[in-house]
Number of protein chains: 2
Amino acid sequence: MPKVSEEHREAMRQRILDAALACVARKGFSAASMADIVAEAGLSAGAVYLYYKGKEQLTVDVGRRVLEDRLAILEVLGRARPVPPPSQVIPEMMAGLPKTQFFPGIALQVWGEAVHHDELAGVARQIIGDVTGHIAAYLQKWLQSTRGLDPDAAAAEAARLAPAVVGLVQGYIVQVAFAGGDIGERYLESARGVLERL
Amino acid sequence: MPKVSEEHREAMRQRILDAALACVARKGFSAASMADIVAEAGLSAGAVYLYYKGKEQLTVDVGRRVLEDRLAILEVLGRARPVPPPSQVIPEMMAGLPKTQFFPGIALQVWGEAVHHDELAGVARQIIGDVTGHIAAYLQKWLQSTRGLDPDAAAAEAARLAPAVVGLVQGYIVQVAFAGGDIGERYLESARGVLERL
DNA sequence: GTCTATACTGTGATAGAC
DNA sequence: GTCTATCACAGTATAGAC
């Protein structure tokens, strides 16, 4: 088994994917041409096709990566003891979002693309489900520790609240993408206001 | 002044815009070709250019219309007396959204397009601001009537809470677009859970 | 004055010759 | 691995039919 070749292959795919991500972030999915990507990657036209079958595959991988990156910030949840309240941990999580590459404009673009792209839509559905599940798990812990609910009751209440909490995060993404700048802090403060009553 | 011509002109623009909306909803902004739109409208290529200067102008108009349609549902707010609580009126408003044409997938696509389209981004910003303002005005009324806050205090609190409430609605749009079906009711119930503590 | 049919021009993705 | 030709198709303009 040709080891070098395999590593090289993976490295090249990464490099191409990075380039594609940058181009899409700058110009959008359809306006980003293979020529742009190729130039950004510092390769020549034909080379790309050795590693990616075509633009379609590249599109899906870019979308998948953007969406999956969102999962990374979920680590914040449930780390600290005692379990911190949602009004602290959720805004913290949102504040961490824009730090990741090219966020949040690109996430909106991926959503838009996914609407008419079945494979991406599947990925989006799955990620949203994952995020909701993680948030629900955190909420359950919090409800148990601060309200003394028994596990079942806490789980039920957590499952009820989780989708809206995720929605709050999605709203943040939308608003930051357009209003930018000062809205970020205003929104976080607003989210705190809503969450601290939970 | 040729009256017929003017009416005709407006009717044709509507017809073309409807066709474009349908095509965009089906295939997305970039995949919807002028040929598609022309066919959907039952016209021939050249005719369109008598009414729309080009695809760019059509794109902007489609986006503007989709986003402006969102304003219509704000009527629910402030209709009833006594002022109903957010946990009732906000979900009611969200439930009304999917009834409007092609919603919500197309809204997501417009957002995605607007990210790299300055004029559309401006429209999006403005609509979000409008919606936030209306929600804040409603919240102020509600806070005054149920908490006996003085107008200034109520206005401040309303302004603080409004962005997150709008975010809740945007989250609904995202989740319904992908998960579809049953998520709608679950989300509304979830939003009620969050809002009823306000 | 409106619309149809069709032709023009640029650009993009891709494949195949170096 | 690169460079360049090909081929399809998009947006647009125009020439004439009703």
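Just the heavy atoms: all of them, side chains too, but no hydrogens, waters or symmetry mates, feed the values below. So that the names make sense, note that chain A is the first sequence line, chain B the second, and so on, each numbered from 1.
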Fill in the blank from the handout: When B:T59, B:L58, B:I37 are each screened for side chain to side chain contact (heavy atoms under 4.5 Å, CB included) with B:Y52, the one that passes is B:L58
Handout entry: B:P151 backbone acceptor or donor facing B:Q140 side chain under 3.5 Å
Key = yes
Fill in the blank from the handout: Closest to the side chain of B:A45, out of C:dT6, D:dG11, D:dC3, is C:dT6
Exercise for the section: Quickly work out the B:E7 CD to C:dT2 P distance and round it to whole Å. Expected result: 13 Å
Handout entry: DNA chain C contacts made by residues 48-57 of chain A, counting heavy atoms under 4.0 Å
Key = A:Y49, A:G54, A:K55
Handout entry: Sidechain-backbone polar pair: B:E189 side chain, A:R160 backbone, donor-acceptor under 3.5 Å
Key = no
Handout entry: N-O pairing of B:R26 and B:D36 below 4.0 Å
Key = no
Exercise for the section: Report yes or no: do A:E75 and A:H134 form a side-chain donor-acceptor pair below 3.5 Å? Expected result: no
Completion exercise
Testing D:dA13, D:dT2, C:dC3 for proximity to the side chain of B:A47, the answer is C:dC3
Practice task
For the pair A:R79 and A:E92, find out whether any cationic side-chain nitrogen is under 4.0 Å from an anionic carboxylate oxygen.
Solution key: no
Practice task
Could you check how far CG of A:L43 sits from C1' of D:dC3, rounded to whole Å?
Solution key: 14 Å
Practice task
Measure from CZ on A:R9 to P on D:dG1 and round the result to the nearest Å.
Solution key: 11 Å
Handout entry: Separation of atom CE in A:M34 from atom C1' in D:dT2, rounded to whole Å
Key = 15 Å
Exercise for the section: Report yes if a side-chain nitrogen or oxygen of A:S44 is closer than 4.0 Å to either non-bridging phosphate oxygen (OP1 or OP2) of D:dC3; otherwise report no. Expected result: yes
Problem - Separation of C:dT2 P from B:H8 NE2 (nearest whole Å) - result: 6 Å
Fill in the blank from the handout: 5'-most contact on DNA chain D (nearest-nucleotide basis), B:A32 vs A:G42, goes to A:G42
Practice task
Check whether any side-chain N or O of A:Q175 sits under 3.5 Å from a backbone N or O of B:P163 as a donor-acceptor pair, and report yes or no.
Solution key: yes
Fill in the blank from the handout: In short, side chain to side chain donor-acceptor pair (under 3.5 Å) pairs touching residues 64-74 of chain B with sequence neighbours left out are B:Q14-B:R65, B:D18-B:R65, B:R70-B:T100
Exercise for the section: Report whether B:L120 and B:V66 are members of the same hydrophobic cluster (ILVMFWY, side-chain heavy atoms less than 4.5 Å apart, transitive linking). Expected result: no
Practice task
Please list, by residue number, the residues of residues 10-22 of chain B whose heavy atoms come closer than 4.0 Å to an atom of DNA chain D; answer none if no residue qualifies.
Solution key: none
